[in-house]
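Order of the sequence lines fixes the chain letters, A, B, ..., with proteins taken first and strands second; residue numbering starts at 1 for each chain.
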Amino acid sequence: MLGRIIRHEWRTLGADATLWVVGLAFVAAIGYGVWNGARWVGFQQAALAASAAEEAERYARLETEVQELQRTGGKVSPFRDPRSPSNAGSRFAPRYATLPPGPLAPLAVGQSDLLPYYFKVSTESRDAIVGATEIENPQRLLVGRFDLAFVLIFFYPILILALCYNMLSAEQEQGTLALTLSQPLSLATLASGKVLLRAGVLVGTVVVCTLAALFIGGVDLAGPGALPRLGLWVAAVVAYGAFWFGLAMLVASFGLRSAANATVLASAWLVLVVVLPSVFNLAATTLFPVPSRMELVQAVRVASDDANAAGSKLLAGYYEDHPELATGDAAQAMTDFNVIRIAVNDDVERRVRPVVQRYEQQIAAQQRLVDGLRFVSPAVLMQSALYDIAGTGHARHQTFLQQVDAYHAAWRQFFTPLIFQKASFTNYAGTPRFEFDEETAGTVAGRVAPAVFGLAIPAIALVWFALARLARFPIVS
Amino acid sequence: MILRIARKELLDLSRDGRFRMLSALVLVVSVVSLAAGWKTYTDLAAQHRTAQQATREQWLNQPKKNPHSAAHYGVYAFKPASQMAMVDTGIDPYVGVAVWLEAHKQNEMKYRPAQDRTAVQRFGSMNGAEVLQVLVPLFIVLMAFSAFAGEREQGTLRQLLSVGARPRDLALGKALGIAGGLGLILLPATALSVVALALSTSEGLLADDPWRVVALGAVYLTYFAVVTALALWVSAWASSSRLALVVLLTFWFANSVVASRVVSDLAAWLHPTPSAVEFQKGLEADLNNQEEMEERIERKRDELLKQYNVASVDALPIAFSGVSLQEGEEHGNEVFDKHFGALFDQYEQQNRVFQWSAIVAPMLATRGLSMGLSGTDFGQHRHFITAAETYRRDIQRTLNGDIAKNQKAGQVYMAGRELWDQVPAFTYEPPPAGWVLGQYSVALVVLGAWLVGAVALMMRAATTALVD
């Protein structure tokens with residue numbers, strides 16, 4: 001019987017020209033979204049290639065320069081000498097720490113247009129390094145991108161609601177409902193058949209079109225980590241769809257007229273997709289305001305002034321902490337500008353650390369609040385899931401930042417002893433390199449799972465509740 | 001007659017439960033967003049005052065040192081929050097708040113507040129502008145969609161016209177009724193925002209240019225009039241109120257949610273910007289052009305030798321080191337103007353695409369004007385950057401001039417508080433409302449055209465509408 005209902009619905013829906021137009025518009029939006037995402041990934045890859053080329057070129061130049069100086073024994077100003085480890089570590093030899101786009105990055109631009117994906121790492125302070133940003137028109141950042149995530153979060157529910165708002169009420173209004181139910185058929189079966197067909201068609205369209213778009217866009221779906229992420233993505237699409245189908249079913253089960261159903265569902269969409277997420281943002285930024293970074297700028301400034309004033313004293317303290325670095329003529333080293341600078345930088349960072357932590361705590365508090373509140377809005381849940389799957393959200397960027405911090409420390413560790421020894425530095429090829437250690441699919445799944453369950457469980461509850469209510473449905477109004 | 005129709009329309013609305021619920025929602029959201037905007041602004045203003053004061057004191061309290069060391073030490077310029085950012089935060093979260101003004105270098109503004117926020121910000125931030133640009137038009141659509149179509153379905157349209165109500169009056173009366181309904185929400189919200197603006201400053205009622213407030217009010221009223229007229233037009237044209245609602249909701253969605261994203265892509269495609277790596281590469285290549293720099297210094301040296309009629313720089317009455325430092329600055333300034341200028345021009349070109357695109361989506365004109373008048377658009381961000389950069393160049397000129405004047409050959413020259421005092425504190429004066437409106441001439445014309453077009457359509461549709 002279910003099969004017969006589905007077949008019948010398929011024929012009725014297929015005869016509706018409006019649906020075809022809307023459906024085609026939706027397919028076009030999916031295609032455009034993926035294409036747009038792929039273009040952005042292409043831009044990022046070009047930027048990363050440019051950074052790698054710049055680095056290689058600079059290194060080649062430095063190495064020739066060093067060889068030239070070694071061979072001729074030529075003189076050069078100490079500020080320009082590539083053999084000075086201090087010059088090399090801070091100004092000449094910085095390497096890029098880069099975050100390559102994740103395996104399914106074209107699926108969501110997410111925060112990746114806002115959060116920097118490459119840093120030039122040197123012995124300079126952390127603050128100077130991770131303060132870099134990618135160039136982008138701020139108005140474009142404000143507006144956001146037309147990516148697949150946008151299509152799925154905003155359009156997809158509209159389409160579901162448009163397909164379902166009158167699925168029972170129209171038949172009731174036309175009087176065909178009573179006729180149909182005079183057959184040996186329960187209303188629950190009828191409603192399930194209608195929803196199953198619509199869900200099958202819609203979810204199928206989304207999945208097939210996206211896969212096609214990814215394939216045409218040249219995304220390597222067999223690449224490392226791509227398939228499990230794709231699985232998660234399908235799960236999120238199904239769960240988000242299920243929520244809206246469930247909601248439509250529940251509303252339909254009240255037996256209101258089509259117009260009333262449409263009003264209720266449109267209001268629900270407006271509140272859940274447009275108003276609540278915006279209000280969450282307002283709540284997060286108002287309840288846990290992150291003070292303007294102007295305060296950080298001042299804190300760094302004050303700490304540097306103090307540290308610079310205490311320069312040589314700090315160095316003595318630094319030697320106490322790091323006796324292994326004290327070479328024979330420590331007294332002469334005391335006056336060495338570069339050596340003092342290391343101690344000063346170290347001290348500044350120590351002093352500024354608590355201030356930076358205050359910022360990080362506030363941001364973490366905002367994130368916790370939103371992580372909790374998102375279970376109230378399926379749109380925010382879906383956003384968090386899609387960004388995590390595409391690797392364009394907060395979490396993967398945090399991982400990147402942690403790895404950059406470790407790399408920064410390794411970079412300093414590499415150069416600090418050389419600077420203390422006042423060694424002649426020629427080992428350009430041996431400077432540490434950065435390679436982003438990609439998150440495993442398991443880690444991503446662990447983060448995405450709560451969001452998917454957060455969508456699926458209410459969806460199941462809605463459907464269950466709707467089926468229970470259908471028993472009391474006024475078939476003849 | 002018009003007034004009577006308006007009164008009836010308003011009465012109908014006020015008896016409608018949906019209207020009451022919606023107005024309550026819009027009112028609550030407006031009040032909450034205003035309160036949040038007020039708090040954010042006052043916090044930011046306090047932080048700005050403290051930081052600006054501190055950087056000034058640090059500059060003045062420098063120990064004795066060579067002026068060029070002081071130039072390297074530099075000062076910070078912090079971007080002040082515009083008071084009307086309470087209503088529209090615009091691009092402010094997406095641009096840096098501080099710029100370091102040091103020797104040899106035009107630095108970029110650093111620390112975008114958006115980087116300190118969660119991803120949910122990409123849904124929007126429910127500030128006053130969002131309420132006005134997204135929620136209020138929706139509210140208008142919901143109030144107006146059945147104005148004609150509904151009467152037609154109930155058969156009352158025929159009755160109304162049979163008693164001699166002129167269709168034109170009917171349209172205007174209904175528009176006025178909706179305006180009245182809107183006024184019930186917007187008037188208290190506006191009164192509250194004016195109070196908030198007044199309370200947030202100690203410098204009189206409005207520290208900002210009052211014309212900005214007036215113009216902003218006019219822009220939003222125009223926009224609401226456009227949406228109301230369009231909604232009534234569709235309601236008169238559509239065969240059923242359901243169709244009217246579907247058409248209007250589609251328009252609302254395309255206009256308020258989709259258009260800006262599509263136009264943003266279009267703008268970037270028409271006027272692409274480079275990645276930071278490429279930009280930096282180009283900038284440094286020009287900056288480190290030693291030949292040009294040396295030529296420049298040589299030219300200046302020859303000029304000075306001729307002017308003072310001496311044979312060598314040592315014989316000059318001024319220290320050439322100061323002069324050559326300043327020449328280096330001038331070289332850098334040209335390079336910065338070229339590269340940053342080209343980049344910022346590109347942004348402005350992109351933003352002009354937004355203005356022109358208002359031809360298909362009036363929201364884009366409104367959004368631009370709203371940000372502009374609130375002082376939170378890119379044009380005014382650039383205005384601030386230029387002011388800070390001019391200040392940096394003035395500092396360098398003062399310090400290098402001092403070196404040229406006071407540095408003696410073979411001596412270590414140290415300057416002190418007297419010189420630091422010669423550098424005035426940084427003050428920033430935002431441009432007047434007229435300047436802003438000049439930047440948005442396209443948006444103004446387009447919005448005006450929308451108003452004329454929409455009202456004309458509404459009037460025509462009202463007179464030609466089918467009675468049943």
Side-chain angles (χ1 to χ4, degrees), chain A residues 36 43 46-47 50-51 54 110-111 114-115 118 131-146 150 154 259 263 266 270 274-275 277-282 284-286 289-298 301 305 359 363 366-367 370 374 379-380 383-384 387 393-394, chain B residues 18 29 32-33 36 39-40 43-44 47-48 51 54-55 58 76 78 90-91 93-95 97-98 110-126 130 134 138 242 249 257 260-262 264-265 267-268 273-279 281 343 347 350-351 354 377-378 381:
Chain A
N36 221 357
F43 179 90
S51 70
E54 191 275 325
Q111 292 269 78
L114 175 66
L115 303 173
Y118 51 92
T133 46
E134 179 56 289
I135 283 177
E136 184 58 281
N137 180 353
Q139 190 162 328
R140 294 196 64 224
L141 290 176
L142 169 68
V143 163
R145 301 287 180 98
F146 195 114
F150 169 67
F154 284 82
T263 313
L270 180 75
V274 177
V275 178
S278 237
V279 170
F280 291 172
N281 183 30
L282 190 70
T285 49
T286 314
V290 179
S292 167
R293 292 268 173 173
M294 291 186 245
E295 289 188 5
L296 177 68
V297 168
Q298 275 312 314
R301 191 78 157 164
D305 284 355
Y359 284 94
I363 300 168
Q366 285 194 3
Q367 190 65 51
V370 172
R374 69 186 171 146
V380 180
Q383 188 211 36
S384 67
Y387 286 11
H394 180 72
Chain B
R18 277 180 296 182
V29 173
V32 168
S33 75
K39 184 177 179 300
T40 311
D43 283 0
L44 206 62
Q47 288 160 8
H48 179 261
T55 194
Q58 282 156 0
Y76 272 90
F78 300 101
I91 62 158
Y94 295 96
V95 291
V97 293
K110 273 175 70 172
Y111 303 115
R112 302 169 177 167
Q115 281 181 247
D116 288 340
R117 291 181 188 172
T118 63
V120 73
Q121 68 183 327
R122 303 323 275 274
F123 280 100
S125 58
M126 220 21 104
E130 207 172 305
V134 179
L138 182 69
R242 214 182 99 188
L249 284 181
V257 184
S260 45
R261 290 178 191 250
V262 177
S264 166
D265 292 336
T273 49
S275 66
V277 183
E278 288 164 46
F279 179 79
K281 203 176 157 193
L343 178 66
Y347 287 172
Q350 291 184 350
N351 294 350
F354 278 91
D377 67 341
F378 177 72
H381 185 63

For chain A, which of [options] has the most heavy-atom pairs under 4.5 Å?
| options | result |
| --- | --- |
| B:Glu278, B:Arg242, B:Gln58, B:Arg117 | B:Gln58 |
| B:Ile91, B:Thr273, B:Val97, B:Asp265 | B:Asp265 |
| B:Glu130, B:Arg122, B:Lys110, B:Gln350 | B:Arg122 |

Self-check item: Contacts of type ring pair (Phe, Tyr, Trp, His ring centres under 6.0 Å), residue B:Phe354, not counting sequence neighbours
Solution: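 So B:Phe354 forms no ring pair (Phe, Tyr, Trp, His ring centres under 6.0 Å) with any residue.
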Quiz item: For B:Ala54, which residues count as a side chain to side chain contact (heavy atoms under 4.5 Å, CB included) partner, sequence neighbours excluded?
Solution: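 Side chain to side chain contact (heavy atoms under 4.5 Å, CB included) list for B:Ala54, sorted by chain: A:Gln298.
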Quiz item: Run the side-chain contact (heavy atoms from CB on, under 4.5 Å) check on B:Thr118 and A:His394 step by step: do they pass?
Solution: CA-CA 7 Å; B:Thr118 63; A:His394 180 72; over 6 Å; no
Say whether, by atom type as modelled, one donor and one acceptor occur between the side chain of [X] and the main chain of [Y] under 3.5 angstrom.
| X | Y | result |
| --- | --- | --- |
| A:Asn281 | B:Gly124 | yes |
| A:Glu54 | B:Lys281 | no |
| B:Tyr76 | A:Arg301 | no |
| B:Gln115 | A:Leu115 | no |
| B:Arg261 | A:Gly144 | no |

Self-check item: Any A:Tyr118 side-chain heavy atom under 4.5 Å of B:Ser275 side chain
Solution: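 Sidechains of B:Ser275 and A:Tyr118: in contact.
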Quiz item: With a 4.5 Å heavy-atom cut-off, do A:Ile135 and B:Tyr347 have their side chains touching?
Solution: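 With C-beta onward as the side chain, the pair touches.
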